[in-house]
Amino acid sequence: MNPARPAFVPDASATREEMESLQREVAAVATWADEFDFDPAAVGPLRDSGSGGDSRQATLSPGSPSAESSLPLVAGVDQAFLDDRAVSVVVVRRGGTVIERAHTVTDLEIPYIPGLLAFREGGPILAAFAELTCDPDLVVFDGSGRIHYRQAGLATHIGVTLDIPSVGVAKGLLCGTPEADVDGRPEGWRTPILADDDVENAEPGERIGHALQSRQYDSRPIVNPIYVSPGHRVAVDTATDLVERLCDGYKLPEPTRLADAYADEVKRDVASGG
DNA sequence: GCGACAG
DNA sequence: ATCTTGTCGC
(Lines give C-alpha, C1' and ligand atoms only; values in the text may rest on other atoms or scores of the structure.)
Protein backbone atom coordinates (compact mmCIF):
# COMPACT_ATOMS: atom_id res chain seq x y z
CA MET A 1 0.00 0.00 0.00
CA ASN A 2 1.23 3.49 -0.83
CA PRO A 3 2.36 5.52 2.19
CA ALA A 4 0.05 8.05 3.83
CA ARG A 5 0.59 11.75 3.35
CA PRO A 6 1.72 12.72 6.87
CA ALA A 7 0.31 16.24 6.74
CA PHE A 8 -3.23 14.90 6.66
CA VAL A 9 -3.02 12.04 9.13
CA PRO A 10 -5.77 12.63 11.72
CA ASP A 11 -4.24 13.15 15.16
CA ALA A 12 -6.55 12.22 18.01
CA SER A 13 -4.58 14.39 20.45
CA ALA A 14 -5.30 17.59 18.52
CA THR A 15 -7.58 20.26 19.92
CA ARG A 16 -11.02 20.61 18.46
CA GLU A 17 -9.94 23.76 16.63
CA GLU A 18 -6.95 21.96 15.17
CA MET A 19 -9.16 19.09 14.06
CA GLU A 20 -11.56 21.40 12.28
CA SER A 21 -8.69 23.32 10.76
CA LEU A 22 -7.17 20.11 9.37
CA GLN A 23 -10.55 19.17 7.93
CA ARG A 24 -10.65 22.44 6.03
CA GLU A 25 -7.21 21.67 4.60
CA VAL A 26 -8.38 18.18 3.64
CA ALA A 27 -11.44 19.59 1.91
CA ALA A 28 -9.27 22.11 0.08
CA VAL A 29 -7.07 19.45 -1.50
CA ALA A 30 -9.82 16.89 -2.08
CA THR A 31 -11.06 16.58 -5.63
CA TRP A 32 -14.65 15.72 -6.47
CA ALA A 33 -14.16 14.98 -10.12
CA ASP A 34 -13.42 11.55 -11.56
CA GLU A 35 -9.72 10.92 -11.29
CA PHE A 36 -9.13 7.22 -11.69
CA ASP A 37 -8.05 4.78 -14.38
CA PHE A 38 -10.51 1.93 -14.13
CA ASP A 39 -13.80 1.52 -15.95
CA PRO A 40 -16.67 2.32 -13.54
CA ALA A 41 -18.75 -0.33 -15.27
CA ALA A 42 -16.19 -2.95 -14.23
CA VAL A 43 -16.60 -2.60 -10.46
CA GLY A 44 -19.50 -4.97 -10.15
CA PRO A 45 -22.80 -6.33 -11.32
CA LEU A 46 -25.77 -4.18 -12.18
CA ARG A 47 -28.87 -5.84 -13.46
CA ASP A 48 -29.75 -4.52 -16.86
CA SER A 49 -33.31 -3.45 -16.38
CA GLY A 50 -33.94 -3.82 -20.06
CA SER A 51 -34.27 -7.03 -21.98
CA GLY A 52 -34.47 -10.54 -20.80
CA GLY A 53 -32.33 -12.69 -18.73
CA ASP A 54 -30.33 -13.10 -15.63
CA SER A 55 -27.13 -11.40 -16.69
CA ARG A 56 -25.67 -10.11 -13.46
CA GLN A 57 -22.08 -9.68 -14.56
CA ALA A 58 -21.41 -6.46 -16.36
CA THR A 59 -18.12 -7.39 -17.95
CA LEU A 60 -17.49 -11.03 -17.13
CA SER A 61 -18.94 -14.20 -18.38
CA PRO A 62 -19.35 -16.45 -15.36
CA GLY A 63 -16.41 -18.75 -14.78
CA SER A 64 -13.69 -17.00 -16.66
CA PRO A 65 -11.09 -16.22 -14.02
CA SER A 66 -8.60 -15.02 -16.57
CA ALA A 67 -10.74 -12.01 -17.41
CA GLU A 68 -10.76 -10.96 -13.76
CA SER A 69 -7.13 -9.95 -13.87
CA SER A 70 -8.11 -6.75 -15.62
CA LEU A 71 -10.77 -5.74 -13.10
CA PRO A 72 -10.17 -2.95 -10.56
CA LEU A 73 -9.35 -3.66 -6.94
CA VAL A 74 -12.22 -2.48 -4.73
CA ALA A 75 -11.69 -2.30 -0.98
CA GLY A 76 -14.22 -2.15 1.83
CA VAL A 77 -13.36 -0.69 5.23
CA ASP A 78 -15.18 -1.26 8.50
CA GLN A 79 -14.61 -1.41 12.21
CA ALA A 80 -15.91 -3.23 15.24
CA PHE A 81 -15.37 -2.18 18.83
CA LEU A 82 -14.32 -3.99 21.95
CA ASP A 83 -14.20 -1.91 25.12
CA ASP A 84 -11.76 0.85 24.26
CA ARG A 85 -10.22 -0.87 21.31
CA ALA A 86 -11.07 -0.73 17.62
CA VAL A 87 -10.85 -3.67 15.25
CA SER A 88 -10.17 -2.11 11.85
CA VAL A 89 -10.32 -4.14 8.68
CA VAL A 90 -9.77 -3.73 4.97
CA VAL A 91 -11.12 -6.32 2.54
CA VAL A 92 -10.02 -6.13 -1.09
CA ARG A 93 -11.83 -7.74 -3.98
CA ARG A 94 -11.08 -8.09 -7.66
CA GLY A 95 -14.36 -8.87 -9.34
CA GLY A 96 -16.03 -11.42 -7.10
CA THR A 97 -12.82 -12.71 -5.54
CA VAL A 98 -11.37 -11.55 -2.22
CA ILE A 99 -7.65 -11.17 -2.86
CA GLU A 100 -6.48 -9.71 0.45
CA ARG A 101 -7.66 -8.87 3.94
CA ALA A 102 -5.87 -6.85 6.60
CA HIS A 103 -6.79 -6.00 10.16
CA THR A 104 -5.45 -4.20 13.21
CA VAL A 105 -6.51 -3.87 16.82
CA THR A 106 -5.93 -0.36 18.17
CA ASP A 107 -6.59 1.51 21.37
CA LEU A 108 -9.15 4.26 20.92
CA GLU A 109 -8.16 7.71 22.10
CA ILE A 110 -11.25 9.86 21.84
CA PRO A 111 -15.01 9.38 21.94
CA TYR A 112 -17.30 9.59 18.96
CA ILE A 113 -18.20 13.17 18.14
CA PRO A 114 -20.43 13.87 15.13
CA GLY A 115 -18.28 15.65 12.57
CA LEU A 116 -15.00 14.41 14.03
CA LEU A 117 -15.31 10.70 13.30
CA ALA A 118 -12.06 10.59 11.34
CA PHE A 119 -10.10 11.57 14.44
CA ARG A 120 -11.50 8.64 16.37
CA GLU A 121 -11.32 6.01 13.64
CA GLY A 122 -8.86 7.41 11.12
CA GLY A 123 -5.65 6.36 12.88
CA PRO A 124 -6.81 2.77 13.37
CA ILE A 125 -7.95 2.59 9.74
CA LEU A 126 -4.62 3.88 8.45
CA ALA A 127 -2.90 1.24 10.57
CA ALA A 128 -4.93 -1.43 8.80
CA PHE A 129 -4.02 0.03 5.40
CA ALA A 130 -0.36 -0.07 6.40
CA GLU A 131 -0.71 -3.84 6.69
CA LEU A 132 -2.07 -4.11 3.19
CA THR A 133 0.31 -5.21 0.44
CA CYS A 134 -1.84 -4.42 -2.59
CA ASP A 135 -2.99 -1.03 -3.87
CA PRO A 136 -6.77 -0.75 -4.21
CA ASP A 137 -8.23 1.29 -7.06
CA LEU A 138 -11.24 2.34 -5.00
CA VAL A 139 -12.12 2.30 -1.31
CA VAL A 140 -15.65 2.19 0.12
CA PHE A 141 -15.98 3.64 3.61
CA ASP A 142 -18.62 3.30 6.29
CA GLY A 143 -19.56 6.94 6.80
CA SER A 144 -19.73 10.22 4.97
CA GLY A 145 -17.40 11.88 2.52
CA ARG A 146 -18.49 15.30 1.28
CA ILE A 147 -21.70 15.07 3.25
CA HIS A 148 -20.01 16.70 6.22
CA TYR A 149 -19.93 20.12 7.90
CA ARG A 150 -16.55 20.93 6.36
CA GLN A 151 -16.88 18.50 3.43
CA ALA A 152 -14.20 16.35 5.01
CA GLY A 153 -15.88 13.26 6.38
CA LEU A 154 -14.08 9.99 7.05
CA ALA A 155 -14.12 8.85 3.41
CA THR A 156 -12.69 12.16 2.25
CA HIS A 157 -10.12 12.39 5.01
CA ILE A 158 -8.67 8.93 4.51
CA GLY A 159 -9.03 9.19 0.74
CA VAL A 160 -6.96 12.38 0.73
CA THR A 161 -4.45 11.02 3.25
CA LEU A 162 -3.78 8.00 1.04
CA ASP A 163 -4.52 9.93 -2.17
CA ILE A 164 -6.79 7.16 -3.33
CA PRO A 165 -10.24 7.26 -4.99
CA SER A 166 -12.85 6.79 -2.28
CA VAL A 167 -16.57 6.95 -1.60
CA GLY A 168 -18.54 7.24 1.62
CA VAL A 169 -21.66 5.22 2.38
CA ALA A 170 -23.61 6.23 5.48
CA LYS A 171 -26.78 4.73 6.94
CA GLY A 172 -27.83 8.11 8.27
CA LEU A 173 -27.64 11.69 7.03
CA LEU A 174 -25.15 13.87 8.90
CA CYS A 175 -26.04 17.19 7.30
CA GLY A 176 -27.38 18.67 4.10
CA THR A 177 -30.90 18.46 2.72
CA PRO A 178 -32.44 15.87 0.42
CA GLU A 179 -33.83 17.56 -2.68
CA ALA A 180 -36.92 15.34 -2.56
CA ASP A 181 -38.72 13.56 0.26
CA VAL A 182 -36.90 10.31 0.89
CA ASP A 183 -39.66 8.20 2.39
CA GLY A 184 -41.15 5.17 0.70
CA ARG A 185 -39.22 5.23 -2.54
CA PRO A 186 -38.78 2.34 -4.95
CA GLU A 187 -35.54 0.44 -5.36
CA GLY A 188 -33.08 2.29 -7.56
CA TRP A 189 -34.47 5.71 -6.74
CA ARG A 190 -32.09 8.52 -5.83
CA THR A 191 -32.24 12.18 -4.95
CA PRO A 192 -29.39 14.67 -4.52
CA ILE A 193 -28.29 15.87 -1.10
CA LEU A 194 -27.99 19.64 -1.25
CA ALA A 195 -25.59 21.75 0.77
CA ASP A 196 -27.28 24.03 3.27
CA ASP A 197 -26.08 26.51 5.88
CA ASP A 198 -24.52 23.69 7.89
CA VAL A 199 -22.05 22.95 5.10
CA GLU A 200 -18.96 25.15 4.84
CA ASN A 201 -17.42 26.27 1.58
CA ALA A 202 -20.34 25.16 -0.51
CA GLU A 203 -22.90 27.18 -2.41
CA PRO A 204 -26.31 26.56 -0.86
CA GLY A 205 -28.00 24.05 -3.11
CA GLU A 206 -24.75 22.53 -4.29
CA ARG A 207 -25.03 18.77 -4.76
CA ILE A 208 -22.75 17.01 -2.28
CA GLY A 209 -24.11 13.46 -2.44
CA HIS A 210 -27.20 11.34 -2.90
CA ALA A 211 -29.79 9.49 -0.93
CA LEU A 212 -30.00 6.12 -2.68
CA GLN A 213 -32.79 3.63 -2.17
CA SER A 214 -30.54 0.65 -2.70
CA ARG A 215 -33.07 -1.89 -1.46
CA GLN A 216 -36.83 -1.90 -1.12
CA TYR A 217 -39.59 -4.38 -0.59
CA ASP A 218 -42.67 -4.50 -2.74
CA SER A 219 -45.14 -4.48 0.11
CA ARG A 220 -44.25 -2.08 2.86
CA PRO A 221 -41.67 0.69 2.60
CA ILE A 222 -39.63 -0.23 5.63
CA VAL A 223 -36.12 0.25 4.31
CA ASN A 224 -34.29 3.54 4.75
CA PRO A 225 -32.08 4.81 1.96
CA ILE A 226 -28.30 5.00 2.22
CA TYR A 227 -26.41 8.25 1.86
CA VAL A 228 -23.62 8.21 -0.68
CA SER A 229 -21.04 10.92 -1.13
CA PRO A 230 -17.67 11.30 -2.83
CA GLY A 231 -14.61 10.80 -0.69
CA HIS A 232 -11.78 11.80 -2.98
CA ARG A 233 -11.14 11.71 -6.75
CA VAL A 234 -14.75 10.71 -7.52
CA ALA A 235 -17.64 12.89 -8.71
CA VAL A 236 -21.01 12.97 -6.98
CA ASP A 237 -22.90 11.13 -9.72
CA THR A 238 -20.10 8.62 -10.24
CA ALA A 239 -19.90 7.83 -6.53
CA THR A 240 -23.56 6.88 -6.47
CA ASP A 241 -23.30 4.95 -9.74
CA LEU A 242 -20.41 2.94 -8.32
CA VAL A 243 -22.16 2.21 -5.05
CA GLU A 244 -25.32 1.20 -6.86
CA ARG A 245 -23.32 -1.30 -8.89
CA LEU A 246 -21.75 -2.66 -5.73
CA CYS A 247 -25.02 -3.21 -3.89
CA ASP A 248 -26.15 -6.23 -5.90
CA GLY A 249 -29.56 -6.67 -4.34
CA TYR A 250 -28.60 -5.75 -0.79
CA LYS A 251 -29.00 -2.49 1.05
CA LEU A 252 -25.26 -2.07 1.63
CA PRO A 253 -22.48 -2.42 -0.97
CA GLU A 254 -20.69 -5.76 -1.06
CA PRO A 255 -17.29 -4.38 0.03
CA THR A 256 -18.93 -2.97 3.16
CA ARG A 257 -20.74 -6.21 3.90
CA LEU A 258 -17.55 -8.23 3.54
CA ALA A 259 -15.62 -5.83 5.74
CA ASP A 260 -18.40 -5.87 8.31
CA ALA A 261 -18.39 -9.66 8.45
CA TYR A 262 -14.61 -9.84 8.70
CA ALA A 263 -14.53 -7.22 11.46
CA ASP A 264 -17.06 -9.25 13.44
CA GLU A 265 -14.97 -12.37 12.90
CA VAL A 266 -11.78 -10.72 14.13
CA LYS A 267 -13.60 -9.18 17.04
CA ARG A 268 -14.91 -12.57 18.07
CA ASP A 269 -11.41 -14.04 17.96
CA VAL A 270 -9.95 -11.15 19.94
CA ALA A 271 -12.70 -11.38 22.53
CA SER A 272 -12.08 -15.06 23.20
CA GLY A 273 -8.33 -15.27 22.87
CA GLY A 274 -5.20 -13.19 22.12
C1' DG B 1 -32.93 27.47 25.32
C1' DC B 2 -34.27 24.01 21.28
C1' DG B 3 -33.11 20.71 17.83
C1' DA B 4 -29.66 17.80 15.09
C1' DC B 5 -26.01 14.79 15.05
C1' DA B 6 -21.73 9.47 10.18
C1' DG B 7 -19.81 5.40 13.68
C1' DA C 1 -21.05 1.51 17.31
C1' DT C 2 -22.91 -1.96 21.16
C1' DC C 3 -26.34 -4.85 24.34
C1' DT C 4 -29.81 -9.05 22.17
C1' DT C 5 -34.56 -13.88 20.73
C1' DG C 6 -37.52 -14.71 18.13
C1' DT C 7 -39.98 -14.02 14.09
C1' DC C 8 -42.18 -12.91 9.59
C1' DG C 9 -41.27 -13.49 4.67
C1' DC C 10 -39.08 -14.58 0.04
Side-chain angles (χ1 to χ4, degrees), chain A residues 10 12 16 19-20 23 26-27 30 76-90 103 105-126 128 139-159 166-178 182 187 193-200 208-212 214-232 239-240 243 248-253 255-257 259-268 270-271:
Chain A
R16 182 174 190 128
M19 291 179 179
E20 296 182 352
Q23 290 183 329
V26 165
V77 174
D78 195 27
Q79 292 183 290
F81 300 92
L82 205 52
D83 298 316
D84 264 22
R85 289 177 301 176
V87 174
S88 308
V89 311
V90 184
H103 75 271
V105 181
T106 315
D107 291 319
L108 291 165
E109 320 249 336
I110 62 171
Y112 165 67
I113 301 168
L116 298 178
L117 180 64
F119 291 88
R120 171 175 167 83
E121 302 188 350
I125 289 171
L126 289 172
V139 184
V140 180
F141 286 94
D142 231 29
S144 291
R146 275 188 79 178
I147 298 180
H148 179 273
Y149 307 120
R150 289 163 291 281
Q151 297 194 77
L154 180 70
T156 301
H157 202 136
I158 304 304
S166 64
V167 299
V169 177
K171 300 178 206 67
L173 184 59
L174 177 61
C175 60
T177 308
V182 155
E187 198 166 301
I193 302 301
L194 277 22
D196 55 25
D197 294 331
D198 292 337
V199 182
E200 286 186 15
I208 58 176
H210 284 102
L212 173 67
S214 52
R215 177 81 202 265
Q216 191 57 280
Y217 300 113
D218 298 319
S219 53
R220 278 171 301 186
I222 56 176
V223 183
N224 297 317
I226 57 178
Y227 297 89
V228 182
S229 57
H232 180 46
T240 304
V243 169
D248 192 27
Y250 294 90
K251 172 172 176 171
L252 295 175
T256 300
R257 301 180 65 245
D260 185 69
Y262 184 47
D264 282 345
E265 179 186 328
V266 174
K267 173 182 174 176
R268 183 175 54 70
V270 171

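Every chain is numbered from 1, with letters handed out A, B, ... down the list of sequences. Values in this document were obtained by computation on a predicted structure and should not be read as measured data.
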Under 3.5 Å donor-acceptor, A:Lys251 side chain and A:Asn224 backbone: yes
Where A:Arg257 and A:Tyr250 come nearest, the two heavy atoms and their spacing: NH2-CE2, 3.4 Å
Between C1' of C:dT2 and CG of A:Asp84, the distance in whole Å: 13 Å
Spacing between A:Asp198 atom CG and B:dC2 atom C1', to the nearest angstrom: 14 Å
Provide a list of protein-nucleic acid N or O atom pairs under 3.5 angstrom, restricted to nucleotides 4-7 of chain C.
none

Which side-chain N or O atoms in residues 147-154 of chain A pair as donor and acceptor under 3.5 Å with protein atoms at least two apart or in another chain?
residue: A:His148; atom: ND1; partner: A:Arg150; partner atom: N; Å: 3.0
residue: A:His148; atom: ND1; partner: A:Ala152; partner atom: N; Å: 3.2
residue: A:His148; atom: NE2; partner: A:Gly115; partner atom: O; Å: 2.8
residue: A:Arg150; atom: NE; partner: A:Gln23; partner atom: OE1; Å: 2.5
residue: A:Arg150; atom: NH2; partner: A:Gln23; partner atom: OE1; Å: 2.8
residue: A:Gln151; atom: OE1; partner: A:Arg146; partner atom: NE; Å: 2.8
residue: A:Gln151; atom: OE1; partner: A:Arg146; partner atom: NH2; Å: 3.0
residue: A:Gln151; atom: NE2; partner: A:Glu200; partner atom: O; Å: 3.2
residue: A:Gln151; atom: NE2; partner: A:Asn201; partner atom: O; Å: 3.1

Using nucleotides 3-6 of chain B, report all nitrogen or oxygen pairs with the protein that are shorter than 3.5 Å.
residue: B:dA6; atom: OP2; partner: A:Tyr112; partner atom: OH; Å: 2.8
residue: B:dA6; atom: N7; partner: A:Gly115; partner atom: N; Å: 3.1
residue: B:dA6; atom: N6; partner: A:Gly115; partner atom: O; Å: 3.2
residue: B:dA6; atom: N6; partner: A:Leu116; partner atom: N; Å: 3.3
residue: B:dA6; atom: N6; partner: A:Leu117; partner atom: N; Å: 3.1
residue: B:dA6; atom: N6; partner: A:His148; partner atom: NE2; Å: 3.4
residue: B:dA6; atom: N1; partner: A:Leu154; partner atom: N; Å: 3.2
residue: B:dA6; atom: N3; partner: A:Ser144; partner atom: N; Å: 3.0

Atom pair distance, as rounded to whole Å: CZ in A:Arg215 and C1' in C:dG9: 11 Å
Nearest-Å distance for atom pair CZ/P, residues A:Phe119 and B:dG7: 18 Å
Nucleotide C:dA1, atom P - distance to CG of A:Asp260 in whole Å: 7 Å
A:Thr156 vs A:Pro230 side-chain heavy atoms within contact, under 4.5 Å: no
Atom-pair distance (CZ on A:Arg120; P on B:dG7), nearest Å: 13 Å
Distance-only side-chain donor-acceptor flag, A:His103 / A:Tyr262, under 3.5 Å: yes
Donor-acceptor contact present, side-chain A:Asp83 to main-chain A:Arg85, <3.5 Å: no
Within-4.5 Å side-chain heavy-atom neighbours: A:Val77 and A:Ser88: no
A:Ser229 (side chain) donor-acceptor with A:Ser144 (main chain) under 3.5 angstrom: no
